[in-house]
Each structure stands twice: as structure tokens, then as C-alpha cells.
A.B. asks: 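Input: one structure, supplied below.
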Amino acid sequence: MPTEHKHCQCQETQNHFLERAFESLQLENAQRELLLSAFRETTVSIPLRPHRTDDDGGELHTYTGYRVQHNHARGPFKGGLRFHQSVNMGEIRALAQLMTWKTALVNVPFGGAKGGIAVDPNQLSQYALETLTKRFVQKMGLVFGVHHDIPAPDVGTNPQVMAWILEEYSKTHGYTPAIVTGKPIELGGSAGRLEATGRGVAYLTGKIASEMALPIKDAAVVIQGFGNVGFHTAQHLAAMGARVIALSDAHNGVICETGIDIEQAHHYVTKTGWLEGLPGTESINNAELLELSCDILIPAAIEATINCDNADAIQARLVVEAANMPITHLADTTLCERGIMVVPDLLANAGGVLTSYYEWVQNLQEFPWEYDTVMLRLEQRLGQVYQQVHDLAKQGNTDLRTAAYELAIGRVNQAMALRGF
Ligand code: GLU
């Protein structure tokens, strides 16, 4: 297999998937170019003295913040903010595009965007993180708006970060809960939003596994990543009777063939910061974890973890992309050739942005929904979207990813044409 260059994998992977769909939709070059280009890319510098609790003294550091607004043909720009040391413009650009296709696929009236700051949030005090977030909003304030661009959590951010965004934006615009989704329930967040991405992943995993005659009860599941998405996916799959045999975080993994107690693992991580040493488990590294013999493998961490170095060694029957772009295009081809079923990110993890849409609607209506209403709508919509993608894939004799891209790109292209972009 050819080698892959880590720094440009995201864009390369995205372009490759898009090209396949462009071909089958028979789009002209001008349409392709327009679909690929971003509406606006903003970069800001954020000075901060991160190691002083009062931000007065200590060493000055300048952080870089990004927001790429890819496409808004179908509605306001929508997408998460990522705080991670590896954040760069190329990655954010590719992830912003992915949001355009994801919102179109689940048919919510949003476009696509993504942003972030190149920072390791674990190295900062809460005070420094709050200051950094609020300064980011001061500088980016002009690009955000309730009907223009609505951020949300992503890797390294959480409801608390969203609360700081809400606070900073509200200073100049008045109390504006709809400016951000994934915020705490006390500030207008939606019931169920925190677990929504993982819940959606688990729901689709169960549905697709049963169609493959792979009963979810006692199925051996391996999950890479134990952040918000990984944890809630594990929690729901365990509740459905699956046996989660291995889990990992950015550091290391743990394995227990009879099944890990997910609540215990969560408590342990909250207390110690890491999975390593979880009672009743043995240690395993991230590379070994991905190659374990299992029924279902769920990459729920960052991009390109399944790549041409390990695609041949993946032993699962079903791989569900809970993370964004965890499989490079070369690895995707290998998995398909090997007959491994892959559920693509824009479908698998769309429960997050779908519930963000429900949150935004509740904020605009100033009328919160019950938890059960949110969950019912989440599962119903994901089930319908999966059926559409499945039928299209069958009809075109293609894979779920290509069908999902075709459906999404077709919708965006149509909206652009109608609006005369
Ligand atoms: N960051 C999540 C994603 O990649 C959620 C985005 C949102 O809710 O706007 O889908």
C-alpha cells in the first residue's frame, strides 16, 4: 500500500470521498469547485499568560484560533470548536466541509463550519481556559450569530466551554442562549445533548449489526477513545447487552475479555485522569487495541487512527466511525475490499449535530422539550436517514459512505442552484 502523509490526510481523505460522489452525480467542474471552496476562513491570535492564575505576569504565549465557514446554502453555519494541540487550518478546513455534508445528510437547516484553538486544554488551569475561550469569542465575535454561525463542542471542549462562549457573546448582544449548542441545561441546553452523539452511534450500531445477523447481545466491542462520545457509546452499547472488551484514551488502553464495567471505568477516569490501572483489566496500547479480534470496532478519538499501517490487521466485522475521519481513504478502500462493513462518520456520529439542531429550535421557541421527546426524535431521524442511505447504496451497488456523500452533496448543490450562488 502507498504511504500516507500525516499532515494532509484529512483533506486528502475528504477529497477522495468527494470525488467518488462527484463522479456518480456527474457534477461539472465549476460546481465541484464551488462545493469545495470555503465561504470564509478566519484566523485570530490570542495572547495569554497561561501559567498565572490571575493572567498578570508569567510567560506570554500567543495561541492561534480558527473558524472555517464552509457552506451556508442550506442554513446558518454549524459546527464544533476543537481545543487540541494538533489543530491547524488544513484539519479545520476538512472538518468544516464534513459538517456541511453531515447537516445536509440528516436534513437539518444548517450549513457547515468548524473551528478551534491549537492548545492542549489539559495543560491549562480552568481560569486560563476560561480567559482563552472568552478572548477567542471577543476576536471571533463578528463571525458568530444565531442565524449566521452557531458553535458547539468537539474534541477538547465541553458544556462549560460553551457556557463561557454564551457569556462572552451575551455581553455585547444581550442574553443569547441560541448562539451556541451543547451548553449546560441550566443555560438552555437540551436534555440529552451530552449523550446524543454516543447514543446515536450505539443506536445505529445495534440496527446495522442486527441487519448483518450479528446480535448486539454479547457482541464483542472495542472502542478507541473514552471522551464524551466514546463513553456514551460504550454506556449505551453495554445497556443493549454488548460486551465492551477494550477501551482506550489518548494515553493507553485496557482490556477484559468478559466485558468492562463502563460506569466503573468512567468513575475511575474521573478520579485518576486515565484508564490505565482500571481494576479487573489488563493494559494494552492503542495500536494493539485497534487490531484486536472483535465483532465491532468503534474509533471514537481523532483522525486517521485507521490508516495504511493497520488497515490489513483490523479484525472486526463492523467498523463504526464515531470520530470524524478516523479512517483514511486508503484504509477505507482496504476495509471495503476485505468485506468489512464501515458506517461513515457523517451518518454514524450525526446524532450530535441533530440534537444541536433540536437545542437551537428549543432556544428559538424558548420552550424546552422533555428528554424522551429528544431521544425519540433523535432515533427516528437517524433510523430514517440510515434507511435512505442504505437504499441508495443498494440501488447504486456502492458503499454506505459514497451513498451518504451523494445524498448530502446533491442537497447542497440543489440549494446553491436555487439560491443562485
Ligand atoms: N462537533 C460535533 C460534530 O462534529 C457536533 C457539531 C454541532 O453540534 O454543531 O458533529
Side-chain angles (χ1 to χ4, degrees), residues 10 14 66-72 74-84 87 91-117 121 143-159 161-162 165-166 177-184 188-190 192-201 204 225 227-230 232-233 299-303 320-326 343-363 374 377-378 381-382 385 404 408:
C10 272
Q14 176 88 169
Y66 305 88
R67 185 71 175 170
V68 174
Q69 297 171 321
H70 174 247
N71 187 293
H72 64 155
R74 303 182 64 264
F77 298 106
K78 186 84 190 81
L81 288 178
R82 174 173 290 206
F83 289 180
H84 192 271
V87 161
E91 178 196 54
I92 297 295
R93 194 179 281 142
L95 292 167
Q97 268 191 21
L98 180 60
M99 286 309 302
T100 300
W101 320 130
K102 202 185 294 185
T103 54
L105 180 68
V106 290
N107 213 358
V108 291
F110 286 140
K114 190 71 111 197
I117 304 178
V143 308
F144 295 141
V146 171
H147 295 285
H148 190 62
D149 185 349
I150 307 122
D154 197 85
V155 174
T157 55
N158 55 28
V161 175
M162 300 305 115
I165 294 172
L166 160 55
I179 189 57
V180 70
T181 59
K183 55 194 170 284
S190 177
R193 173 62 186 89
L194 193 62
E195 71 188 82
T197 311
R199 169 97 178 215
V201 171
L204 286 173
N228 182 48
V229 177
H232 284 108
T233 301
I302 50 168
E303 300 94 70
V320 185
E321 291 188 318
N324 288 322
M325 297 189 203
V343 187
D345 46 12
L346 70 165
L347 171 64
N349 69 35
V353 75
L354 184 53
T355 310
S356 275
Y357 167 63
Y358 296 150
E359 180 173 331
W360 184 71
V361 168
Q362 292 170 67
N363 294 152
V374 176
R377 289 196 163 137
L378 168 69
R381 176 76 68 99
L382 283 182
V385 174

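Keep in mind that the numbers below use all heavy atoms, side chains included, and drop hydrogens, waters and symmetry copies. Indexing begins at 1, ligand by ligand and atom by atom, following the structure's order.
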A.B. asks: If you count the atoms of ligand 1 from 1 in the order shown, which ones are under 4.0 Å from a heavy atom of G79?
C.D. replies: 9 (O)
A.B. asks: List in chain and number order the residues that pass salt bridge (Lys or Arg N to Asp or Glu O under 4.0 Å) with R67, two or more places apart in sequence or in another chain; answer none if no residue qualifies.
C.D. replies: D149
A.B. asks: Distance under 4.0 Å to a non-hydrogen atom of R193: what atoms of ligand 1 satisfy this?
C.D. replies: 5 (C), 8 (O)
A.B. asks: Please name the pair of heavy atoms, one in Q362 and one in S190, separated by the smallest distance, quoted to 0.1 Å.
C.D. replies: NE2-OG, 3.0 Å
A.B. asks: Output every pair passing salt bridge (Lys or Arg N to Asp or Glu O under 4.0 Å) with a member in residues 93-106, not counting sequence neighbours, ordered by first then second residue.
C.D. replies: E41-R93
A.B. asks: What protein heavy atom sits nearest atom 7 (C) of ligand 1, and how far away is it?
C.D. replies: A152 CB, 3.3 Å
A.B. asks: Look at ligand 1 and say whether P153 reaches it with a heavy atom at a distance under 4.0 Å.
C.D. replies: yes
A.B. asks: Is the closest side-chain donor-acceptor distance between N158 and N228 under 3.5 Å?
C.D. replies: no
A.B. asks: Nearest non-hydrogen contact with atom 6 (C) of ligand 1 belongs to which option: M99, K78, R82?
C.D. replies: M99
A.B. asks: Taking K183 first and then E359, would you say they form a salt bridge - that is, a charged N and a carboxylate O separated by under 4.0 Å?
C.D. replies: yes
A.B. asks: For ligand 1, which atoms, with element, lie under 4.0 Å from some heavy atom of K102?
C.D. replies: 3 (C), 4 (O), 10 (O)
A.B. asks: Write down the atom of L204, the atom of L347, and the distance for their closest heavy-atom approach.
C.D. replies: CD1-O, 3.5 Å
A.B. asks: Give the residue and atom name of whichever protein heavy atom lies nearest to atom 8 (O) of ligand 1, and the separation in Å to one decimal.
C.D. replies: S356 OG, 2.5 Å
A.B. asks: Would you call the rings of F77 and H72 parallel, tilted or perpendicular if under 30° counts as parallel and over 60° as perpendicular?
C.D. replies: parallel
A.B. asks: Closest by any non-hydrogen atom to atom 4 (O) of ligand 1: pick that one out of N349, N324, L81, N228.
C.D. replies: N324
A.B. asks: Mind checking whether M325 has a heavy atom under 4.0 Å from ligand 1?
C.D. replies: no
